[in-house]
Number of protein chains: 2
Amino acid sequence: MKRTKEEAENTRDDLLLSAIQIFSEKGVARATLAEIAKGAGVTRGAVYWHFENKAQIFDALHERMYRPFLDGILKGLEKEHPNPLEQLRDLWIELFIDLEKDERRKQALTLFMRKCNYSGDLAPYKEEHQKKQEQSIKAFEDYLEKYKNNGNLPRGVDSKTLTEGMFCYMKGILFQYLDEPETYNIQKKAPQLIGLFFNSLISNKG
Amino acid sequence: MKRTKEEAENTRDDLLLSAIQIFSEKGVARATLAEIAKGAGVTRGAVYWHFENKAQIFDALHERMYRPFLDGILKGLEKEHPNPLEQLRDLWIELFIDLEKDERRKQALTLFMRKCNYSGDLAPYKEEHQKKQEQSIKAFEDYLEKYKNNGNLPRGVDSKTLTEGMFCYMKGILFQYLDEPETYNIQKKAPQLIGLFFNSLISNKG
DNA sequence: TTTATAACATACATGCGTGTATGTTTATTG
DNA sequence: CAATAAACATACACGCATGTATGTTATAAA
């Protein structure tokens, strides 16, 4: 049953969206292509038409979800603001608060943080996905460099360490949040935790 | 071939140690009992004699590795110190630096942070393992409560938020470190990153 | 209006891991 | 010293996911 190009692209995207669901629920390793196909309302035939195998679906998912995520961050950094640490603080708080309603992005994040092990058939994509992440890290470094001689950065810390520390902190919060998103009060905790990190840094500006 | 009780306990432990290796390499889902047995120099018969299935090995591993880990932390907190934040800072730095030589503990941490998805047959143990972690979180909370009226805690932050933030931060660092332990210069970065977090808090004591 | 082929569905073969059943040997008990 | 059972090894049956091969249908090109 041949479909039009648009229909075909829709089924491909349906497969990806279904894969997010299945992958995040059962983990990539235990997710079956039949389930993914069923979730998209098709069969394994459609899967093997659009993708080579499960690993390629996994990689295509990363491409599909990470790009808008990065763009959202970059857009938040473009706005002018007198105090970079305050801007970063509010940006991260906003990201976490918005995340609660974005079920799909939540699933994607749990998928890539906890439900894939990057071993075996997924190993080839580990380095590739890492490099994409380093891109966004670089974006924050460049952002902070702009304010280097502004006097609003904490004294005695280089922007690289600050960026990496910030990333670790956010990843840790994300890690905990995604562990039980339904009971975790992110609306309340995001400002508290993120404030804890940035506010003490803000007081130490020099 | 019946063995003495001591020999039997040795093979059981060999199986657990082999499981750490295999689990951390291939992930729990894609690890096979035959591999684990081979790593311990036995066959699947021994595995099914000592354990019910793979999931129970996984749980037994958590019991075996997490207990000494927690005890090590508690021991570090017992020592008297005038400034709690400095003590915590040095304790965490020490933990990370010591971790580099402890290959087995590194593998165990990657296993439980990234190589298991706690879904399917592992799902029953998710909550159980979470509760064990909350125990150690509680230990830090209680520790900080002791210094509540000391004047050495940062002003405006309750010990719960401080504890949770600290945990998130350490988990994030650990997450990044375990991503590529061979190239990550933890000896240098642990003091930098952990210092970034605590030193700015220390300056804000009140 | 054919014809070719895109976009799938269906069917088949294969391998692999699990669980269990059974066999084997050696320590332990009486 | 015989008998029992612990501590495994070996063998078997089963299901399940994958990959591929083939079948089917509607679309787009001629």
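Throughout, protein chains are lettered first and strands after them, A, B, ... in sequence-line order, and every chain is numbered starting at 1.
- In terms of heavy-atom proximity, A:Y118 sits nearest to A:K126 at CD2-CA, 3.5 Å.
- Atom CG of A:D14 and atom P of C:dC8 are 10 Å apart (whole Å).
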Next on the checklist: Walk me through whether A:Y169 and A:F198 qualify under ring-ring contact (aromatic ring centres under 6.0 Å, His included).
Outcome noted: CA-CA 11 Å; A:Y169 195 57; A:F198 284 105; 7.9 Å; no
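- Look at CG on A:L15: it is 9 Å from P on C:dA9, rounded to the nearest Å.
- Note on ring orientation: taking the six-membered ring where Trp is involved, the planes of A:H62 and A:Y66 are parallel (angle under 30°, cut-offs 30° and 60°).
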Checklist outcome for this item: Per-nucleotide protein contact along nucleotides 13-19 of chain C, 5' to 3', at a 4.0 Å heavy-atom cut-off (B base, S sugar-phosphate only, - neither), is -----BB
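- Ion pair A:E35/A:K38 not flagged as a salt bridge, since none of the NZ, NE, NH1 or NH2 atoms sits closer than 4.0 Å to an Asp/Glu carboxylate oxygen.
- Taking 4.0 Å as the cut-off between side-chain N and carboxylate O, B:K106 and B:E103 count as a salt-bridged pair.
- Residue A:H50 places none of its side-chain N or O atoms closer than 4.0 Å to OP1 or OP2 of C:dA7.
- What separates NZ of A:K38 from P of D:dA17 is a distance of 12 Å, to the nearest Å.
- Look at B:W49 and you won't find any side-chain N or O under 4.0 angstrom from OP1 or OP2 of D:dC8.
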Next on the checklist: Working note: B:K148 + B:E145, criterion salt bridge (charged side-chain N to carboxylate O under 4.0 Å, His left out); need CA distance, chi angles, decisive distance, verdict.
Outcome noted: CA-CA 5 Å; B:K148 202 173 183 179; B:E145 280 294 326; 3.7 Å; yes
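- One finds a side-chain N or O of A:T11 lying less than 4.0 angstrom from the OP1 or OP2 phosphate oxygen of C:dC8.
- Between B:D13 atom CG and D:dA7 atom P the separation is 15 Å, expressed in whole Å.
- With a 4.5 Å cut-off on side-chain heavy atoms, A:V42 and A:D14 do not count as touching.
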Which atom pairs link the protein and nucleotides 27-30 of chain D when you take only N or O atoms and keep those under 3.5 Å?
{"from": "D:dT27", "atom 1": "O2", "to": "A:K2", "atom 2": "NZ", "distance (Å)": "3.2"}

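- Both tests pass for B:K189 against the ring of B:Y184: distance under 6.0 Å to the centre and angle within 45° of the axis.
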